[in-house]
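Shown next, in C-alpha coordinates, is the structure this report addresses.
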Amino acid sequence: MQTHLYTHDLPEDIDWGGSVAIDTETMGLQHHRDRLCLVQLSAGDGHCHLVHFPEPCFGQSPHLCKLLANDHLEKVFHYGRFDLAVLAKSFGIVPHNVYCTKIASRLTRTYTDRHSLKSLCADLLGIDVDKREQTSDWGGEVLSPEQLRYAGTDVLYLHAIKEKLDALLVRENRLALAQACFRFLPHRAELDLLAGEGFDIFAHK
Ligand code: MN
(Lines give C-alpha, C1' and ligand atoms only; values in the text may rest on other atoms or scores of the structure.)
Protein backbone atom coordinates (compact mmCIF):
# COMPACT_ATOMS: atom_id res chain seq x y z
CA MET A 1 0.00 0.00 0.00
CA GLN A 2 1.18 3.48 -0.87
CA THR A 3 -0.38 6.30 1.11
CA HIS A 4 -0.53 9.93 -0.02
CA LEU A 5 -1.39 12.56 2.57
CA TYR A 6 -2.93 15.96 1.76
CA THR A 7 -4.45 18.77 3.80
CA HIS A 8 -7.99 20.05 2.97
CA ASP A 9 -8.14 18.81 -0.63
CA LEU A 10 -7.07 16.27 -3.21
CA PRO A 11 -4.82 17.13 -6.14
CA GLU A 12 -6.88 17.62 -9.28
CA ASP A 13 -5.28 15.02 -11.51
CA ILE A 14 -5.92 11.65 -9.85
CA ASP A 15 -7.44 9.05 -12.21
CA TRP A 16 -10.09 7.12 -10.27
CA GLY A 17 -11.22 4.99 -13.17
CA GLY A 18 -14.96 4.49 -12.82
CA SER A 19 -15.08 3.69 -9.13
CA VAL A 20 -13.59 5.16 -5.96
CA ALA A 21 -13.58 3.61 -2.47
CA ILE A 22 -14.23 6.17 0.28
CA ASP A 23 -14.08 6.10 4.08
CA THR A 24 -14.05 8.79 6.76
CA GLU A 25 -12.65 9.17 10.25
CA THR A 26 -14.41 11.46 12.72
CA MET A 27 -14.29 12.45 16.38
CA GLY A 28 -17.12 10.01 17.10
CA LEU A 29 -20.40 8.63 15.83
CA GLN A 30 -22.79 11.55 16.58
CA HIS A 31 -23.30 13.68 13.49
CA HIS A 32 -24.31 16.84 15.36
CA ARG A 33 -21.42 16.58 17.80
CA ASP A 34 -18.45 14.92 16.08
CA ARG A 35 -16.52 16.57 13.31
CA LEU A 36 -14.90 15.02 10.25
CA CYS A 37 -11.11 14.62 10.54
CA LEU A 38 -10.00 12.53 7.56
CA VAL A 39 -11.36 11.35 4.19
CA GLN A 40 -9.67 8.30 2.65
CA LEU A 41 -9.99 7.42 -1.03
CA SER A 42 -8.64 4.69 -3.30
CA ALA A 43 -9.16 3.68 -6.91
CA GLY A 44 -8.48 0.08 -5.88
CA ASP A 45 -4.96 0.24 -7.28
CA GLY A 46 -3.01 -0.05 -4.02
CA HIS A 47 -2.76 3.73 -3.60
CA CYS A 48 -4.61 5.37 -0.71
CA HIS A 49 -5.21 9.12 -0.79
CA LEU A 50 -5.79 10.65 2.64
CA VAL A 51 -7.30 14.14 2.95
CA HIS A 52 -6.66 15.52 6.43
CA PHE A 53 -8.76 18.21 8.12
CA PRO A 54 -6.72 19.32 11.15
CA GLU A 55 -9.45 21.82 12.00
CA PRO A 56 -13.17 21.88 11.09
CA CYS A 57 -12.68 23.91 7.94
CA PHE A 58 -14.54 22.40 4.97
CA GLY A 59 -14.67 25.26 2.48
CA GLN A 60 -11.28 24.64 0.86
CA SER A 61 -11.90 21.32 -0.89
CA PRO A 62 -13.04 22.07 -4.46
CA HIS A 63 -11.55 18.90 -5.98
CA LEU A 64 -12.93 16.62 -3.28
CA CYS A 65 -16.35 18.30 -3.64
CA LYS A 66 -16.24 17.83 -7.41
CA LEU A 67 -15.57 14.12 -6.89
CA LEU A 68 -18.39 13.77 -4.34
CA ALA A 69 -20.82 15.53 -6.69
CA ASN A 70 -19.81 13.44 -9.73
CA ASP A 71 -22.74 11.10 -10.31
CA HIS A 72 -20.89 9.24 -13.08
CA LEU A 73 -18.30 8.02 -10.60
CA GLU A 74 -19.30 5.08 -8.42
CA LYS A 75 -18.42 5.54 -4.75
CA VAL A 76 -17.85 2.37 -2.72
CA PHE A 77 -18.28 2.50 1.06
CA HIS A 78 -18.45 0.10 3.97
CA TYR A 79 -21.43 1.22 6.04
CA GLY A 80 -21.92 4.18 3.73
CA ARG A 81 -24.91 5.34 5.76
CA PHE A 82 -22.53 6.96 8.24
CA ASP A 83 -19.95 8.31 5.77
CA LEU A 84 -22.60 9.79 3.47
CA ALA A 85 -24.15 11.74 6.35
CA VAL A 86 -20.75 13.01 7.52
CA LEU A 87 -19.78 14.08 4.00
CA ALA A 88 -23.17 15.71 3.43
CA LYS A 89 -22.95 17.63 6.69
CA SER A 90 -19.35 18.75 6.14
CA PHE A 91 -19.43 19.66 2.43
CA GLY A 92 -23.12 20.22 1.76
CA ILE A 93 -23.08 17.52 -0.93
CA VAL A 94 -25.01 14.25 -0.68
CA PRO A 95 -23.09 11.82 -2.90
CA HIS A 96 -25.13 9.55 -5.20
CA ASN A 97 -24.16 6.48 -7.26
CA VAL A 98 -22.99 4.65 -4.17
CA TYR A 99 -22.32 1.02 -3.22
CA CYS A 100 -22.17 -0.30 0.33
CA THR A 101 -20.26 -3.51 1.08
CA LYS A 102 -22.06 -3.92 4.43
CA ILE A 103 -25.49 -3.89 2.74
CA ALA A 104 -24.29 -6.32 0.02
CA SER A 105 -22.92 -8.59 2.74
CA ARG A 106 -26.15 -8.48 4.78
CA LEU A 107 -28.18 -9.34 1.67
CA THR A 108 -26.05 -12.32 0.68
CA ARG A 109 -24.13 -13.72 3.66
CA THR A 110 -27.29 -14.44 5.65
CA TYR A 111 -25.64 -17.46 7.32
CA THR A 112 -23.50 -15.17 9.48
CA ASP A 113 -23.71 -11.96 11.48
CA ARG A 114 -20.09 -11.12 10.63
CA HIS A 115 -20.49 -8.02 8.43
CA SER A 116 -17.72 -5.76 9.76
CA LEU A 117 -14.97 -4.67 7.38
CA LYS A 118 -12.53 -6.82 9.35
CA SER A 119 -14.81 -9.84 8.90
CA LEU A 120 -15.26 -9.22 5.16
CA CYS A 121 -11.48 -8.92 4.67
CA ALA A 122 -10.96 -12.18 6.58
CA ASP A 123 -13.88 -14.19 5.16
CA LEU A 124 -13.82 -13.02 1.52
CA LEU A 125 -10.14 -12.18 0.95
CA GLY A 126 -8.32 -14.17 3.63
CA ILE A 127 -6.66 -10.95 4.83
CA ASP A 128 -6.28 -10.08 8.51
CA VAL A 129 -6.55 -6.31 9.02
CA ASP A 130 -5.54 -4.56 12.22
CA LYS A 131 -8.36 -2.37 13.61
CA ARG A 132 -6.57 -1.17 16.76
CA GLU A 133 -6.44 2.49 15.65
CA GLN A 134 -10.21 2.60 14.96
CA THR A 135 -11.01 4.33 18.24
CA SER A 136 -7.94 6.58 18.38
CA ASP A 137 -8.02 10.41 18.48
CA TRP A 138 -8.33 11.55 14.85
CA GLY A 139 -8.55 15.24 15.79
CA GLY A 140 -4.84 15.92 16.17
CA GLU A 141 -2.83 18.30 14.04
CA VAL A 142 -0.48 15.44 13.13
CA LEU A 143 -1.64 11.86 12.60
CA SER A 144 0.65 9.00 13.63
CA PRO A 145 2.15 6.54 11.10
CA GLU A 146 -0.08 3.85 12.66
CA GLN A 147 -3.18 6.01 12.11
CA LEU A 148 -2.24 6.71 8.48
CA ARG A 149 -1.66 3.02 7.80
CA TYR A 150 -4.95 2.09 9.46
CA ALA A 151 -6.84 4.81 7.58
CA GLY A 152 -5.45 3.66 4.24
CA THR A 153 -6.27 0.03 4.98
CA ASP A 154 -9.95 0.97 5.38
CA VAL A 155 -10.24 1.77 1.65
CA LEU A 156 -7.50 -0.50 0.27
CA TYR A 157 -9.60 -3.66 -0.07
CA LEU A 158 -13.11 -2.31 -0.79
CA HIS A 159 -12.93 -2.93 -4.55
CA ALA A 160 -11.79 -6.53 -4.04
CA ILE A 161 -14.55 -7.08 -1.46
CA LYS A 162 -17.13 -5.54 -3.82
CA GLU A 163 -16.09 -7.95 -6.58
CA LYS A 164 -16.68 -10.94 -4.30
CA LEU A 165 -20.01 -9.56 -3.07
CA ASP A 166 -21.21 -8.74 -6.59
CA ALA A 167 -20.77 -12.42 -7.50
CA LEU A 168 -22.79 -13.41 -4.42
CA LEU A 169 -25.54 -10.88 -5.24
CA VAL A 170 -25.88 -12.41 -8.71
CA ARG A 171 -25.75 -15.96 -7.36
CA GLU A 172 -28.46 -15.25 -4.77
CA ASN A 173 -30.54 -13.20 -7.23
CA ARG A 174 -30.42 -10.11 -4.99
CA LEU A 175 -28.56 -7.67 -7.25
CA ALA A 176 -31.65 -5.60 -8.13
CA LEU A 177 -32.69 -5.39 -4.47
CA ALA A 178 -29.17 -4.33 -3.49
CA GLN A 179 -29.14 -1.65 -6.20
CA ALA A 180 -32.46 -0.31 -4.94
CA CYS A 181 -31.01 -0.12 -1.42
CA PHE A 182 -27.92 1.70 -2.75
CA ARG A 183 -30.12 4.24 -4.54
CA PHE A 184 -31.99 4.89 -1.30
CA LEU A 185 -28.87 5.08 0.89
CA PRO A 186 -28.11 8.81 0.29
CA HIS A 187 -31.68 9.60 1.34
CA ARG A 188 -31.32 7.40 4.44
CA ALA A 189 -28.25 9.48 5.33
CA GLU A 190 -30.26 12.67 4.85
CA LEU A 191 -32.94 11.32 7.20
CA ASP A 192 -30.23 10.59 9.79
CA LEU A 193 -29.07 14.19 9.61
CA LEU A 194 -32.64 15.44 9.77
CA ALA A 195 -33.82 13.52 12.80
CA GLY A 196 -31.18 11.09 14.10
CA GLU A 197 -30.65 7.41 13.34
CA GLY A 198 -33.59 6.39 15.52
CA PHE A 199 -35.99 8.08 13.07
CA ASP A 200 -37.35 5.03 11.24
CA ILE A 201 -39.85 5.99 8.55
CA PHE A 202 -40.60 2.31 7.94
CA ALA A 203 -41.48 1.48 11.54
CA HIS A 204 -45.12 0.77 12.45
CA LYS A 205 -45.07 3.17 15.41
MN1 MN B 1 -12.44 3.88 8.82
Nearest-0.5 Å distance, NZ of residue Lys118 to CG of residue Asp123: 11.0 Å

Give the other cluster members for Val142, using side-chain heavy-atom distances under 4.5 Å between Ile, Leu, Val, Met, Phe, Trp and Tyr residues; answer none if it is isolated. none

How many angstroms lie between atom CG of Asn97 and atom CG of Leu185, to the nearest 0.5 angstrom? 12.0 Å

Please answer whether the main-chain N or O of Thr101 pairs with a side-chain N or O of Ser105 as donor and acceptor at a distance below 3.5 Å. no

Lys162 meets the salt bridge (Lys or Arg N to Asp or Glu O under 4.0 Å) criterion, sequence neighbours left out, with Glu74, Asp166

Check the surroundings of atom CD in Glu55: do more than 12 heavy atoms from other residues, nucleotides or ligands lie under 6.0 Å from it? yes

The complete set of ring-ring contact (aromatic ring centres under 6.0 Å, His included) pairs with one or both residues in residues 104-125, sequence neighbours excluded, reads none

For a side-chain contact (heavy atoms from CB on, under 4.5 Å) with Leu87, tell me which candidate from Leu64, Val94, Val39 qualifies. Val39

Return the SG to CD distance between Cys48 and Gln2, rounded to the nearest 0.5 Å. 9.5 Å

Tell me, please, which residues at least two apart from Phe77 pass ring pair (Phe, Tyr, Trp, His ring centres under 6.0 Å). none

Is any side-chain heavy atom of Val155 less than 4.5 Å from a side-chain heavy atom of Leu41? no

Run the numbers on Leu50 and Leu148 for side-chain contact (heavy atoms from CB on, under 4.5 Å), then give the verdict. CA-CA 8 Å; Leu50 313 179; Leu148 297 178; 3.7 Å; yes

Would you say Ser136 and Gln147 are linked by a side-chain donor-acceptor pair, where the criterion is simply a distance under 3.5 Å? yes

In terms of heavy-atom contacts, does CD of Glu163 have more than 12 from other residues, nucleotides or ligands at under 6.0 Å? no

Is it true that Asp34 and Thr26 share a donor-acceptor pair across their side chains at a distance under 3.5 Å? no

Flag side-chain contact, heavy atom, 4.5 Å: Ile22 against Gln40: no

For Ile14, which of His63, His4, His49 qualifies under side-chain contact (heavy atoms from CB on, under 4.5 Å)? His49

Is a side-chain N or O of Lys75 found less than 3.5 angstrom from the main chain of Leu73, in a donor-acceptor match? yes

Quick check on side-chain hydrogen bond (donor to acceptor under 3.5 Å, both in side chains): which of Arg81, His187, Lys89, His31 does Asp192 satisfy it with? Arg81

Are the ring centres of Phe91 and Phe53 closer than 6.0 Å? yes

If you count the non-hydrogen atoms of other residues, nucleotides and ligands that lie under 6.0 Å from NZ in Lys131, is the total more than 12? yes

Just checking, any donor-acceptor pair under 3.5 angstrom between side chains of Ser61 and His8? no

Sequence-distant partners of Arg35, salt bridge (Lys or Arg N to Asp or Glu O under 4.0 Å), two or more places apart: none

All pairs passing ring-ring contact (aromatic ring centres under 6.0 Å, His included) where residues 127-153 contributes a residue, at least two apart: Trp138-Tyr150

Interatomic spacing from CG in Leu169 to CG in Asn173 - rounded to 0.5 Å: 10.0 Å

Would the distance check show the side chain of His159 and the main-chain N or O of Ser19 forming a donor-acceptor pair, the cut-off being under 3.5 Å? yes

Between Ser42 and His47, a side-chain donor and acceptor under 3.5 Å: no

